[in-house]
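Some notes on the structure that comes next.
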Amino acid sequence: MPTFEVFGRRKADDPLEHVGAVHAADPQTALLLVRETHFRHNEGVDYAVVPADQLFRLDDPSLLERRVDMDYRLQAGYSGFREKRQAAREAAEQRGRSHLRERPVPGGRAGKVQA
């Protein structure tokens, strides 16, 4: 018997949220089952069912991994900053980008850089 994923909203302006699943022979039967099992006490104002085999899932979970360190967006990302900066400099040197380490001297003449 097919499985149907159930989505519902508590108020008219709420987004649809996943609330469960039911097993039914067809979508109409699934809607009847959902009304009796998930919404019989007026828990929501709207609901929908989707066949579980019609959901598209991410096949490769590695796509959720971040290739770039974005810890700076979190407060914890600012701990160990010296080590992260050193690792970034070493990575730049390995890629032949050590010139990025040089930076202009504040108040210095144009063209003068500090390593």
Side-chain angles (χ1 to χ4, degrees):
M1 189 170 297
T3 300
F4 291 87
E5 300 294 331
V6 181
F7 297 88
R9 65 180 95 223
R10 292 191 179 272
K11 299 175 191 171
D13 55 345
D14 287 345
L16 283 173
E17 295 179 350
H18 185 256
V19 294
V22 294
H23 299 284
D26 55 52
Q28 294 303 320
T29 305
L31 288 170
L32 289 173
L33 285 172
V34 168
R35 186 183 68 190
E36 294 302 319
T37 58
H38 291 77
F39 295 95
R40 67 179 166 198
H41 300 295
N42 295 326
E43 291 92 346
V45 296
D46 187 20
Y47 61 92
V49 295
V50 177
D53 61 351
Q54 295 295 313
L55 294 175
F56 294 95
R57 294 189 170 94
L58 184 62
D59 292 334
D60 185 10
S62 69
L63 294 176
L64 295 175
E65 297 174 3
R66 295 190 182 272
R67 304 228 185 259
V68 177
D69 182 14
M70 298 180 75
D71 284 350
Y72 65 88
R73 293 182 175 201
L74 304 172
Q75 184 176 3
Y78 289 95
S79 64
F81 183 73
R82 182 175 299 181
E83 293 81 14
K84 290 178 183 177
R85 184 172 59 186
Q86 183 63 32
R89 284 181 175 167
E90 291 172 2
E93 288 177 7
Q94 289 177 355
R95 287 183 287 187
R97 304 245 176 181
S98 61
H99 66 282
L100 296 176
R101 189 174 183 174
E102 301 169 352
R103 56 186 172 193
V105 176
R109 286 183 279 171
K112 189 174 182 180
V113 292
Q114 178 182 12

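No hydrogens, no waters, no symmetry mates; every other heavy atom, side chains included, goes into these values.
- Donor-acceptor pairing under 3.5 Å is lacking for the side chains of Glu43 and His38.
- Here the CG atom belonging to Asp26 is positioned 9.5 Å from the CE atom belonging to Met1, to the nearest 0.5 angstrom.
- Neither side chain, Gln94 nor Glu90, offers a donor N or O lying under 3.5 Å from an acceptor on the other.
- The CD atom of Glu5 sits 12.0 Å away from atom CD of Gln54, with the distance rounded to the nearest 0.5 Å.
- With hydrogens and angles disregarded, a donor-acceptor distance shorter than 3.5 Å links the side chain of Arg9 to the backbone of Asp14.
- Residues Pro2 and Ala25 approach most closely at CG-O, 4.0 Å, considering heavy atoms.
- A distance of 12.0 Å separates CZ in Phe81 from CD in Gln86, rounded to the nearest 0.5 Å.
- Closest approach of Pro61 to Leu58, counting heavy atoms only: CA-CD2, 4.2 Å.
- In the hydrophobic clustering (ILVMFWY side chains linked at under 4.5 Å, chained through shared members), Phe7 is joined by Leu16, Val50, Leu55.
- Scanning all heavy atoms of the two residues, the minimum distance from Ala21 to Thr3 falls at CB-CG2, 4.1 Å.
- Under the 3.5 Å distance criterion, the side-chain polar atoms of Thr37 are matched with a main-chain donor or acceptor of Leu33.
- Through chains of ILVMFWY side-chain contacts below 4.5 Å, Val34 is grouped with Phe4, Val6, Val19, Val22, Leu31, Phe39, Tyr47, Val49.
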